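One structure is given below, encoded as structure tokens.
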Amino acid sequence: MAYELHGMLTGAVSMTTGDTVEPAYGGSHESFLSNVVTPIYEVIRKEAEKNKCGTADHTTWRNYDDLNEFFWSPDCFQIGWPMRLEHDFFCTSSPKKSKVKTSRSAREQRKEKETEDEEQGLNDVTSEENREPKWLGKTNFVEIRSFWQVFRSFDRMWSFFILSLQAMIIMACHDVGSPLEVFDAVILEDVMSIFITSAILKLIQVYLITNAVDLVLFFVPAVSKYIEISNWSICRTISRWTQPRLYVGRGMQETQISLFKYTFFWMLVLSTKLVFSYSFEIKPLIAPTREIMKIGVQTYDWHELFPKVRSNVGAIVAVWAPIIVVYFMDTQIWYSVYCTVCGGLYGILHHLGEVSKSEVLDQKFVLVWNQIISNFRSEDLISNREMDLMTIPTSGLFPEFIRWPIFLLANKVWVVSNIVNEIERSIEESTFLQDFKMSALPALQNKFVELLELIVEGDKNQNGKVVQVLQDIFELVTNDMMANGHRVVDLIECSQEAVDDFTFFSRKREPQLFESAASKTSICFPLPDDGPLTEQIQRLHLLLTVKDKAMDMPANLEARRRISFFATSLFMDMPSAPEVCSMMSFRTEAQVEPNLDEWKNFLERMGYQNFNELIDDEKEEEIRKWASFRGQTLSRTVRGIMYYRQALKLQALLEMPEYKAFIALIFFLVATCAYPDVVQDVNVFERNNPKSSAELDALVDMKFTYVVSCQMFGSHKSSGDPRAEDVKDLMIRYPALRVAYIEEKEEIIGDKPQKVYSSILAKAVGTFDQVIYRIKLPGPPIIGEGKPENQNHAIIFTRGEALQTIDMNQDNYLEEALKVRNLLQEFHHNRGRRPPTILGLREHIFTGSVSSLAWFMSYQETSFVTIGQRLLANPLRVRFHYGHPDVFDRLFHMTRGGISKASKTINLSEDVFAGFNSTLRRGCITYHEYLQVGKGRDVGLNQISKFEAKVANGNSEQTLSRDIHRLGRRFDFFRMLSCYFTTIGFYFSSLISVLGIYVFLYGQLYLVLSGLEKALLIEARMKNIESLETALASQSFIQLGLLTGLPMVMEIGLEKGFLTALKDFVLMQLQLAAVFFTFSLGTKTHHFGRTIMYGGAKYIPTGRKVVVFHASFTENYRLYSRSHFVKGFELLLLLVVYDLFRRSYQSSMAYVLITYSVWFMTMTWLFAPFFFNPSGFDWDKIVDDWKGWNKWIKEKGGIGIQQNKSWQSWWNDEQAHLRRSGYGARLFEILLSIRFFLYQYGLVYHLDISQQSKNFLVYVLSWVVILAVFLTVKAVNIGRQLFSARYHLMFRFFKAFLFLSVFTIVITLSVICELSSKDLLVCCLAFLPTGWGLILVAQAVRPIIENTGLWQFTEVLAKAYDYGMGSILFSPIAILAWLPIISAFQTRFLFNQAFNRHLQIQPILEGKKKQK
């Protein structure tokens, strides 16, 4: 194929035919599409269909990586050219019973077959034609759904932690207090046993020499890189010991300096972690462990299943297990601590948030600054008055001097007044105070301001008022201020021929000062229409009237934030900007909350007083645009990105020689008062120089284009959807905008209608859209994940050297767009060994003011995109691509796999894979804080939970991916740690932390119910062993979770001051931020763990609307039942049982200290969705929720019934992860369900009716009771089916009979067998978990029992459990709804930010209610 292409391009002659080289498939129309592209596309499509929407195992289908990597090996040449469609590559039928094999094993089989054919003398082609095509299978890597993938990819880290744990336990057993004591012969001999463990770990991973070679090459990264990328035979031989011969993952080593920095960082983290673990986790448990082993417990409170096990092994495991779990988790916490420290130090050293003094202000800066302020006004961020205050004056008598904007001089007149007061106190003995009375200055200033207002207004009808004000001023000066003012009055009265020197005001002296006589006026009012003079008068008026401080202007917080960031960013380290004609060309590709003061500014700009006036004048379209610019809409994104073009055009204009001459002329005219204002000179220049203006547009269009990938635009046009008109309106409004979309239409091909798909690029011409390019596709392009496929279909329409990808929920600002030239220069500066391939940018979350939850998310996101990514880029060198608006080196990525991997499920979080791809191919990813882009986030709890579930699902799929595996294996040890703890390690550590709570509580449950804890504590008190009692009464895991919030506090402190950071942190806690983050922890761990085990990851749309509406109780229960509520009830039962049976020997204070954090987590997981639900305690909403809940529970499910309509449909959908799982996952689910039977086993031996019997028969009888209860429920169900319809009275008698029978049995047992009321409570605590465990087991074995009566009974029982849990959750909410103050308090803490901005939330909530 390459030979043919070269021959056609050069016009070469074929050596075989003697004619001009022609394509093997002929040169007919669409030949390459039909014969080359389409067969490969069909393979991709059919393999993607085998994914079954993410439910199929990864081993059963080939993703994009498998198909791509097949062409990395010489085997791809067997396909031939022209391609042989009978080759195994085109076979998509997976083997049904045989195990999945990789393409490597397939190649071996083919070679064996070829060898046999050669021995038999058969022709290769004949053998290929006769044999059946075989599925090639996976290529180079198999994604196995298991938690072992975490160990498989990061085995060196886990080996280090395991060996360190063993060494620390040995040292603690020898009571080592100093590191030098380790070299004692006895201690050293025991410590050396870690090498035995190491050998076992290596045997598990099956590698021997790899680490040895890596260890040597670690200290010389330059040599290591050379060996990996060299083609010398000896280098290839050495590299085979370290990694497979793949195209990626080679030469990723950093410089020696970078190596030292991240190695030093991790040495600090690991040394702190190990010292802390040794001193506070491991060593304190050694003495108690020895005492537990010595104490002999002979009697138990239950039937001991393993009575021959000595040394109280169960108690030791219960004490040590939580500590071991914390040991493997707390490195994440120490990473957060050091991330805060290092990121904070970096910010301080680089003076982030500081503004230095600059003396360099030229006329270009004045024009740019005024353009920014003018843009603020067009966005309604500032008012007309604020615009006047913030604009730098450009007209006047001295244009060569740049004067400060008035808002920087605000309040300075009052400062002068204070100075005068100081002077007055300092010259008390002077005659100045005798001649002038300074107390009249405020009154004089008020009169002077009144005079200036009249002059600015210029109404000739106010002539008399002007005269009166002038007379008042004269009277104030002569009578109130001057002690001898009567002399001036006498002088005026005596002088009838005085000549007035003020030509602007007085023309003739009349008997009364300033008063008109006859038809002549004594003053010149209004003033002549003179621009510079009017501007000076307005400036003087503002200086005298503005009392606001510069820090308080403008009033709009968003405008204030943007100005502050722009000012500080100018003093950050950034490359010098080249001229526009010399800059890199770049393209932007995009994927398809109102403020009260902004609304007032909008009304002022439009010239109206209220909303009704706008409606009366038919300004709905203007209102619609204004509202769309304040939501997460495409309109806002397009406006923001087009600021790039506006900024480049302004900068190119300032660099044009013609413009420089023009501007010099303008300033000359200003100096001579012949030209009013320099601010408008840009438009004047374009009107007077059309040729230069056209050249300017051409230059800007050559350097920047904007492509919006709107794949549904074509279908919207054909269906008449109004959204198509909205997109067309954007193209008309911004002529440089291009829209890429997919066209689907039917064509008659071979007398049959077929759907034809095309990728189209369109622009606006007049009021119509015009197709620029049309590329026919082999089929529907969206066969993988939608978002990356959408990017890939549009990227072919982009041009230039750099590419920025933008989501539809993002925004941009003109002042930031001015710095894009500086940013693109970063591609020409080496960062270590190589120039950057991805430029990371800072993001500002503009939705933080919508609600308290949005505020929490905004601060959390801000800390990650600033202090977090700052550390990832330098010194850790593991920053990847975490979403837009990063800027890509387009040429680098287009020649190395693109910017978006789109395989279904595995590439769910497609953003980060672009970073993985770049790093594995020796790219460099940097981070730059001097340029920011706006971004919207989810603002409601349900939206946030869906987003976090999507991210957690994506991280679980990353855990299984080949990219993470290769990074984990090919990075050096310390860079590998950085990669782990900043990607999947965060989610895995969160999962371990929650697992630690379960391990701790179940360990305590074992100690309490078995009687071990009671026996050990009694023995400890008798022998006065305090360490044992402390160990058993400790919480057993360190509460350092709040430390993970340190980066957020540090970043706020750097940018806004540490006092502000402290205030915000306290306010966040008062608004239940801790509740929100604890609830989010449950969301992350549930979806991360379940997806790794069972799969099913998929894109979850959130909508990202401004959420100010009430979510029904049914919706909340559906979303959080299995992820939070069930787990919360389980923790609640554990805590109640633990409290119930520890009271005889443990104080309540000890119980509180042990379990307070678990109680907090339990209550958070159970009730947080209702606390953060708007109008969650409104009584009318509560009544509607209860009716909807009962309707949802009773509604029958079935085909076509959505899960939000019926409990049955929802329940079946909740089991989807089990239905698609294999036997291993089902067995794992059954093993997890066994924990619920522990309640029953332990509690039945504590019943009074058991009479302290420890016989195993007691446990067997408990199952008889459970069976009897189930039969009773089944009898009621059968009776309802048989009698409720026709024999209603008989059914009532039947239920009464069953009730009386059960009541009689209970009374009989209480009299004869001493059944107590406590026994009834204990039975509920014992049997309720057992029933739930049986439901889970039944769901796991559903294929076996689905067609039996057991499954119907399981469904009835599951409905009863869900109804019971829902009722328990609903009860406290309904009780609190009776108190009106609760609803008001909830609205206040949910929308505190809105209240601070004087936004009325209650009318919005009421409006939502009326609409329903």
Side-chain angles (χ1 to χ4, degrees), residues 145-150 321-322 324-333 335-336 856-857 860 864 908-909 941-942 944-960 980-1002 1037-1045 1074-1098 1100 1119-1132 1134 1157-1169 1214 1217 1225 1228-1229 1232-1233 1235 1336:
R145 194 168 294 285
S146 170
F147 281 103
W148 281 106
Q149 284 291 108
V150 181
I324 301 302
V325 172
V326 171
Y327 170 81
F328 287 110
M329 177 272 297
D330 61 359
T331 309
Q332 188 74 48
I333 297 175
Y335 166 78
S336 298
F856 303 156
M857 283 291 291
Q860 183 186 42
F864 172 71
L908 179 63
S909 297
L941 182 63
N942 291 355
I944 293 172
S945 296
K946 290 178 180 179
F947 171 76
E948 292 187 334
K950 180 186 71 173
V951 176
N953 288 340
N955 273 268
S956 64
E957 293 297 331
Q958 291 174 37
T959 306
L960 313 180
Y980 172 78
F981 285 106
T982 57
T983 53
I984 64 171
F986 171 77
Y987 287 87
F988 192 68
S989 297
S990 300
L991 180 63
I992 292 178
S993 66
V994 174
L995 179 64
I997 295 176
Y998 280 90
V999 170
F1000 166 72
L1001 285 179
Y1002 274 100
F1037 54 93
I1038 311 301
Q1039 292 299 312
L1040 295 177
L1042 289 178
L1043 294 180
T1044 56
V1075 173
F1076 167 73
F1077 289 121
T1078 304
F1079 188 82
S1080 298
L1081 176 67
T1083 304
K1084 296 183 182 79
T1085 56
H1086 171 78
H1087 291 279
F1088 179 78
R1090 190 170 79 169
T1091 303
I1092 285 185
M1093 285 305 304
Y1094 307 109
K1098 60 181 179 180
I1100 304 175
L1119 287 176
Y1120 306 118
S1121 174
R1122 299 307 185 252
S1123 60
H1124 293 81
F1125 295 157
V1126 170
K1127 296 180 175 63
F1129 278 115
E1130 181 181 356
L1131 293 176
L1132 182 64
L1134 283 167
S1157 60
V1158 185
W1159 273 106
F1160 177 78
M1161 173 179 283
T1162 301
M1163 294 297 105
T1164 296
W1165 284 5
L1166 289 176
F1167 296 106
E1214 279 295 314
H1217 66 285
F1228 182 76
E1229 183 74 11
L1232 287 179
S1233 304
R1235 73 184 189 275
L1336 295 181

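All values reported here derive from a predicted model rather than from experimental measurement.
- Taking 4.5 Å as the limit, some side-chain heavy atom of Y998 sits within range of a side-chain heavy atom of L1131.
- Of all non-hydrogen atoms in S909 and G954, the two that sit nearest each other are OG-CA, 3.2 Å.
- Counting heavy atoms from C-beta on, the side chains of F856 and I944 never come closer than 4.5 Å.
- Considering all non-hydrogen atoms of both residues, L941 and A1168 come closest at CD2-O, 4.0 Å.
- Residues satisfying the ring-ring contact (aromatic ring centres under 6.0 Å, His included) test with F1160, not counting sequence neighbours, are none.
- Looking at S945, its side chain never comes within 3.5 Å of a backbone N or O of N942 through a donor-acceptor pair.
- F981 pairs by the ring-ring contact (aromatic ring centres under 6.0 Å, His included) definition with W266, not counting sequence neighbours.
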>> Run Y335 and T331 through side-chain contact (heavy atoms from CB on, under 4.5 Å) and show every step you take.
In response: CA-CA 6 Å; Y335 166 78; T331 309; 5.6 Å; no
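- Of the residues F986, F988, Y987, the one that meets the side-chain contact (heavy atoms from CB on, under 4.5 Å) test with N955 is Y987.
- Using bins of under 30°, 30° to 60° and over 60° for the plane-to-plane angle, the ring pair Y1120/H1124 lands in the perpendicular bin.
- At a threshold of 4.5 Å between non-hydrogen side-chain atoms, the residues M1161 and K1127 do not count as touching.
- The shortest heavy-atom contact between P1169 and T1164 is CD-O, 4.4 Å.
- F1167 has its side chain out of reach of V1075: every pair of non-hydrogen atoms, C-beta onward, lies at least 4.5 Å apart.
- Residues K946 and L1119 have side chains in contact (heavy-atom distance under 4.5 Å, counting atoms from C-beta outward).
- Here the straight-line distance linking atom CZ of F1088 with atom OG1 of T959 works out to 4.0 Å at 0.5 Å rounding.
- Atom OG of S993 and atom CG of D330 lie 11.0 Å apart (nearest 0.5 Å).
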>> Working note: T1162 + F1129, criterion side-chain contact (heavy atoms from CB on, under 4.5 Å); need CA distance, chi angles, decisive distance, verdict.
In response: CA-CA 8 Å; T1162 301; F1129 278 115; over 6 Å; no
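- Contact detail for L1081 and S990: the closest heavy-atom pair is CD1-CB, 3.6 Å.
- By the 4.5 Å heavy-atom criterion applied to side chains, I1092 and Q149 are not counted as neighbours.
- Between the side chain of T1085 and the main chain of G1082, a donor-acceptor pair closer than 3.5 Å is present.
- With hydrogens and angles left out, the side-chain atoms of E948 and T1083 include no donor and acceptor closer than 3.5 Å.
- Rounded to the nearest 0.5 Å, atoms OH (Y327) and CD1 (I992) are 12.0 Å apart.
- When atom types are taken as modelled, the side chain of W1165 and the backbone of T1078 share a donor-acceptor pair closer than 3.5 angstrom.
- In this structure, the separation between CZ on F947 and OG on S1080 is 11.0 Å, given to the nearest 0.5 Å.
- Shown here for A952 and K1084, the closest heavy-atom pair between the two residues is CB-O, 3.7 Å.
- For R1235 against L1232, the heavy-atom pair with the smallest separation is NH1-O, 2.8 Å.
- For R1090 (side chain) and N953 (main-chain N/O), no donor-acceptor pair under 3.5 Å exists by modelled atom type.
- Atom OG of S1123 and atom NE2 of H1086 lie 5.0 Å apart (nearest 0.5 Å).
- Atom OG in S989 sits 8.5 Å away from atom CD1 in I333 (nearest 0.5 Å).
- L991 has its side chain within reach of F147: a pair of non-hydrogen atoms, C-beta onward, lies under 4.5 Å apart.
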